[in-house]
Amino acid sequence: GAMAQVALGRWTSVDPRANRYRVYWLELGPDLWGDTCVVRRWGRIGRTPRRLFHWPTSGQELAHLIHDTFQRRERHRYRIG
């Protein structure tokens, strides 16, 4: 069967005093040709997000990408959810 889209993480960064309302998603799923693709989406909450696609060449590269994303979101004061 076809691989389904899987959410790897969703983060938000909200600070009303700084007018900061950001969201960031990391998802894993098939591209149009059925290849495994990681999709990053980010932007202001309620607006159309920017997207970046990445095709990992190994499980190790995928694991590194996920780990790096979790660390970077935490460093930039995002919260999971």
Side-chain angles (χ1 to χ4, degrees):
M3 184 171 120
Q5 190 95 2
V6 177
L8 298 175
R10 180 183 184 273
W11 297 264
T12 55
S13 179
V14 176
D15 181 354
R17 291 169 300 163
N19 193 29
R20 181 182 171 104
Y21 299 91
R22 295 183 183 168
V23 63
Y24 190 100
W25 296 268
L26 190 64
E27 298 165 330
L28 179 68
D31 64 12
L32 293 174
W33 298 271
D35 294 325
T36 300
C37 178
V38 175
V39 183
R40 299 173 188 252
R41 293 187 293 147
W42 71 94
R44 189 169 175 91
I45 294 172
R47 301 265 173 88
T48 301
R50 294 180 63 185
R51 292 173 191 246
L52 182 65
F53 299 88
H54 182 77
W55 290 266
T57 57
S58 68
Q60 184 176 355
E61 184 181 346
L62 175 60
H64 177 75
L65 179 73
I66 294 167
H67 178 76
D68 183 59
T69 300
F70 271 77
Q71 284 193 323
R72 185 169 293 156
R73 289 307 104 207
E74 189 174 277
R75 213 169 37 243
H76 291 166
R77 298 184 324 227
Y78 279 69
R79 296 176 189 261
I80 293 178

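Start at 1 with the first residue, then count along the sequence. Note that this is a predicted model, so its numbers are computed, not measured.
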Side chains of residues 12-23: which donor-acceptor pairs under 3.5 Å do they make with residues two or more places apart or in other chains?
| unit_1 | atom_1 | unit_2 | atom_2 | d |
| --- | --- | --- | --- | --- |
| Ser13 | OG | Arg20 | NE | 2.5 |
| Ser13 | OG | Arg20 | NH2 | 3.1 |
| Asp15 | OD1 | Arg17 | N | 3.2 |
| Asn19 | OD1 | Arg44 | NH2 | 3.0 |
| Arg20 | NH2 | His76 | O | 3.4 |

request  = With sequence neighbours left out, write down each residue that passes salt bridge (charged side-chain N to carboxylate O under 4.0 Å, His left out) with Arg72, or none if nothing qualifies.
outcome  =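 Once residues adjacent in sequence are excluded, the partners of Arg72 under the salt bridge (charged side-chain N to carboxylate O under 4.0 Å, His left out) criterion are Asp68.
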inquiry  = Please enumerate all residues that pass salt bridge (charged side-chain N to carboxylate O under 4.0 Å, His left out) together with Glu27, with sequence neighbours excluded.
reply    = Arg41
Contacts of type side chain to side chain donor-acceptor pair (under 3.5 Å), residue [X], not counting sequence neighbours:
X: Trp55; result: Asp31
X: His64; result: none
X: Thr48; result: none
X: Tyr78; result: none

message = Is there a side-chain contact between Leu28 and Ile66 in this structure, where contact means two heavy atoms from C-beta onward sitting under 4.5 Å apart?
response =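 A side-chain contact is absent here, since even the closest heavy-atom pair is not under 4.5 Å.
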task = Would you check if Arg40 and Leu65 make a side-chain contact, meaning some heavy-atom pair closer than 4.5 Å?
result =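 In short, these two side chains touch, coming nearer than 4.5 Å.
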Partner set under ring pair (Phe, Tyr, Trp, His ring centres under 6.0 Å) for Trp42, not counting sequence neighbours =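 Residues passing ring pair (Phe, Tyr, Trp, His ring centres under 6.0 Å) with Trp42: none at all.
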List for me each residue that meets side chain to side chain contact (heavy atoms under 4.5 Å, CB included) alongside [X], sequence neighbours excluded, and say none if there are none.
X: Ala7; value: none
X: Gln71; value: His67, Arg75
X: Ile80; value: Trp11, Phe70

note = In this structure, CZ of Arg73 is separated from CH2 of Trp25 (nearest 0.5 Å) by 12.0 Å
message = Let's go through Gln5 and Val39 carefully: what are the C-alpha distance in whole Å and the side-chain angles of both, what is the deciding distance for side-chain contact (heavy atoms from CB on, under 4.5 Å) to 0.1 Å, and is it a yes or a no?
response = CA-CA 10 Å; Gln5 190 95 2; Val39 183; 4.2 Å; yes
ask   = Any chance CD of Glu61 has more than 12 other-residue heavy atoms, nucleotides or ligands included, within less than 6.0 Å?
value =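 Atom CD in Glu61 is crowded, with more than 12 foreign heavy atoms closer than 6.0 Å.
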query = Are Leu62 and Leu52 connected, step by step, through hydrophobic side chains (Ile, Leu, Val, Met, Phe, Trp, Tyr) whose heavy atoms are closer than 4.5 Å?
reply =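 Leu62 and Leu52: one cluster.
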key: Other cluster members, Trp33 - Ile/Leu/Val/Met/Phe/Trp/Tyr, side-chain contacts below 4.5 Å   = Leu32
